[in-house]
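Only one structure is covered here, and it is reproduced in the block below.
Proteins get letters first, then strands, A, B, ... in listed order; numbering begins at 1 in each.
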Amino acid sequence: MEEVRVRFPPSPTGYLHIGGARTALFNWLYAKKHNGKLILRIEDTDEERSTQASIDGILEGLQWLGIDWDEGPYFQTEFAADHITAANKLLASGHAYKCFCTKELLEQKREAAVAAKQEFGYDGTCRHLTAAEVQEKESQGIPSVIRFKVPVRHGSLGYDDQVLGCIERAYSDIEDFVIVRSNGKPLYLLCNVVDDIRDRITHVLRGQDHMSNTTRQVLLYEALQAKLPVFAHMPLTLDLQKRKISKRSHGEVVAVQFYRDNGFIPWALCNFLCLLGWNPGTEQEFFSREELVETFSLSRISRVNSVFNFKPGDPKFITDPKLIAINEHYLRTMDLDELGTLVRKELEEENLWNPAYEGARRDWYLATLNMIRDRFHTLKDFTTGGRAYFSDEYAIDPKPLAKNVLKFPELATWLPQLAERFATLAEFSVEETERVSREMADELAIKPGVLINGMRTVLTGQLAGPSMFDILMTLSREKVVARLKRIDHLFAAA
RNA sequence: GUCCCCAUCGUCUAGUCUGGUCCAGGACACCGGCCUUUCACGCCGGCAACACCGGUUCAAAUCCGGUUGGGGACGCCA
């Protein structure tokens, strides 16, 4: 059987956004599923807008997501000769012609047509120029573009889309399109096809915004006498206003980098993205890589555009709530060693990493992550809300400080007294610490919660957290006693 | 103006091809309860949708037609 070869061809004119990432992911999944190859091709033929920063951003984004490619990255501009050769071939075979209409004139005509609410396609002015007329214009030095000559046929052109079914369009509705600029540089429609032919691409999986390109490119394949790949157009991702998402209008939240910078787990993003416009036909929503590769199929891609549920300025959700929920799910269920590696990066960035966490304190490190991960949302929480587990320098959140500590001024003496009892305990265990804590609350005739919650806030800086006595064990007797004793400043400041 | 695609809870979606098992299932979010030293997790429960109008049929979310709505494309961008 023919090898499956798919490609992801971003144009380096901006950062990798979630729509592009999803396209890459679907292609990657399809390649993996069929033991095929994914080709990465940077389509940099727009010299004015392509940037190196964008290329770097796209590559980094894909790598971070874990989407690897088998060939490339190829750069489209490096194959300019192929594109020119193909254009000349089309010219020679009568499938294309030189057009001398100026950009300005065309724009004028178009504007007039729009104003008059008329059709505004190319009118075919240069389509029927004789060889002599062409020669004369060229001798006068008039610049020209090369246009594809759409065949005059009755009926319509169709192709079988793997997602949408049979797509048809009347030949008469397709206008002659430019394939080479007047400066000799070939355009996307042509380059893309020439490269796909050269790269032996068997399946073209891209967004529905390319549908009209596909119709024209089918013509190109035919004229170039190349075998047509299989096409599949996936639905677009829109915002709540049903607008196409773009970094310009939506900001960082649609950029893949945003998720890396905000502590998201790469695979959680992939898992979320795959559910946007695709489903397995079962009620399964979480997939390992292997499961997703196994389950993925083009036939289950939706035909309906999906909405990225992001509300700008929402204080509770920095992005689509479902994406956050998926991230939380992986945070608390993923393999501890893997989590350890991800959290290590976060700790290192904040100078909280201790090499012993990979050695003597490995068990402590993983057990601590396991204890605190249940109520975290992102990897960032390990260095913010979880900071007190890794450093003695941590801030006390003002809200719990007021509610759990300052509200009971007596804690200024109670907590150091409790520390003293901990210090002299024969056995520093969950049971014993709880016993003496409750015992002391009894003696003082107060609710145990006063001591427990006060302790929590002093020891972790937080309003809430894991079971208090587990925290005690994790922190160690020394730290607990020390932290509970030096609390004068908390009251002094207030 | 022309062409193409689409239409189920607030959002992601199952069900549409192969009409009846769907007074429409799951997830997220939201609300309530249980658990509990806190907050989460977890568990249990609740709210919430077939765009509209016609037609076909014993029977329509499902088939057909129309309307409306949304999206995409119409570049010497990709």
Where the side chain of A:Glu283 is concerned, which of B:G26, B:C28, B:A78 is the nearest nucleotide? B:G26
Give me the distance, rounded to whole Å, that separates B:A14 from B:A73 when you measure between the C1' atoms they each carry. 31 Å
Would you please test A:Arg7 and A:Asp199 for salt bridge (Lys or Arg N to Asp or Glu O under 4.0 Å) and show each step? CA-CA 9 Å; A:Arg7 81 307 197 260; A:Asp199 292 334; over 6 Å; no
Where the side chain of A:Lys117 is concerned, which of B:G72, B:G1, B:U37 is the nearest nucleotide? B:G1
Once you apply the 3.5 Å cut-off to both distances, tell me the Watson-Crick or G-U wobble partner of B:U16, or none. none
Value in whole Å for how far the C1' atom of B:U38 lies from CD1 of A:Ile372: 16 Å
Gap in Å between the two P atoms, one belonging to B:G54 and one to B:G75, rounded: 41 Å
Compute the centroid of each ring, for A:His154 and then for A:Tyr171, and state whether the two points are separated by less than 6.0 Å. no
Pairwise P distance for B:C52 and B:U8, with rounding to whole Å: 11 Å
Hey, does A:Lys244 reach any base, or is it just sugar-phosphate, or nothing, if we go heavy atoms under 4.0 Å? sugar-phosphate
For each nucleotide in nucleotides 4-22 of chain B, reading 5' to 3', give B when a protein heavy atom comes within less than 4.0 Å of its base, S when such contact involves only the sugar-phosphate, and - otherwise. SSSS---SBSSS-------
Using atom CZ of A:Arg243 as one end and atom P of B:A73 as the other, report the distance to the nearest whole Å. 13 Å
Could you give the NZ-to-C1' distance, from A:Lys399 to B:U38, as a whole number of Å? 13 Å
Here the distance between atom C1' of B:G25 and atom CD of A:Gln284, to the nearest Å, is 17 Å
Worked check of ring pair (Phe, Tyr, Trp, His ring centres under 6.0 Å) between A:Phe26 and A:Trp278: CA-CA 9 Å; A:Phe26 281 28; A:Trp278 176 86; 7.2 Å; no
Strictly by Watson-Crick or wobble contacts shorter than 3.5 Å, is anything paired with B:C63, and which nucleotide is it? B:G55
Are A:Leu164 and A:Met234 side-chain neighbours, meaning at least one heavy-atom pair lies under 4.5 Å? no
If pairing requires Watson-Crick or G-U wobble contacts with both distances under 3.5 Å, which nucleotide is the partner of B:C74? B:G1
Whole-Å distance, A:Asp470 CG to B:U38 P, equals 15 Å
Could you check which nucleotide pairs with B:C43 in any of the strands shown, counting Watson-Crick or G-U wobble with both distances under 3.5 Å? B:G33
Checking A:Arg216 against A:Phe148: charged group under 6.0 Å from the ring centre and within 45 degrees of the axis? no
Rounded distance in Å between the C1' positions of B:C17 and B:C64: 15 Å
Pairwise N/O distances under 3.5 Å, protein to nucleotides 66-69 of chain B:
none

Answer whether the closest heavy-atom distance between the side chains of A:Pro10 and A:Ile42 falls below 4.5 Å. yes
Could you please spell out the steps behind the salt bridge (Lys or Arg N to Asp or Glu O under 4.0 Å) verdict for A:Arg375 and A:Glu328? CA-CA 8 Å; A:Arg375 52 219 94 202; A:Glu328 289 166 349; over 6 Å; no
Could you check how far NZ of A:Lys316 sits from C1' of B:C31, rounded to whole Å? 11 Å
From NE2 of A:His233 across to P of B:A73 the rounded distance in Å is 12 Å
Treating primed atoms plus P, OP1 and OP2 as sugar-phosphate and everything else as base, which nucleotides of nucleotides 39-50 of chain B get B, S or - for protein heavy atoms under 4.0 Å? BBSS--------
Could you check how far NE2 of A:His210 sits from C1' of B:C3, rounded to whole Å? 18 Å
Stretch residues 438-451 of chain A: residues that reach within less than 4.0 Å of RNA chain B through a heavy atom: A:Arg438
Quick one: look up who B:A7 pairs with, Watson-Crick or G-U, both distances under 3.5 Å, and put none if it's unpaired. B:U68
Please write out the pairs of protein N or O atoms and N or O atoms of nucleotides 74-76 of chain B separated by less than 3.5 Å, giving the distance to one decimal.
unit_1 : atom_1 : unit_2   : atom_2 : d
B:C74  : O2'    : A:Glu175 : OE1    : 3.0
B:C74  : O2'    : A:Glu175 : OE2    : 3.4
B:G75  : OP2    : A:Arg110 : NH1    : 3.3
B:C76  : O2     : A:Ser182 : N      : 3.1
B:C76  : O2     : A:Ser182 : OG     : 2.9
B:C76  : N3     : A:Ser182 : OG     : 3.0
B:C76  : N4     : A:Cys101 : O      : 3.3
B:C76  : N4     : A:Lys103 : N      : 3.4

Donor-acceptor list for residues 301-310 of chain A side chains, cut-off 3.5 Å, not counting sequence neighbours:
unit_1   : atom_1 : unit_2   : atom_2 : d
A:Ser302 : OG     : A:Val304 : N      : 2.9

Go through B:C77, B:C30, B:G1 for me and flag the one nearest to the A:Glu119 side chain. B:G1
In this structure, is the centre-to-centre distance between the rings of A:Trp69 and A:Phe8 below 6.0 Å? no
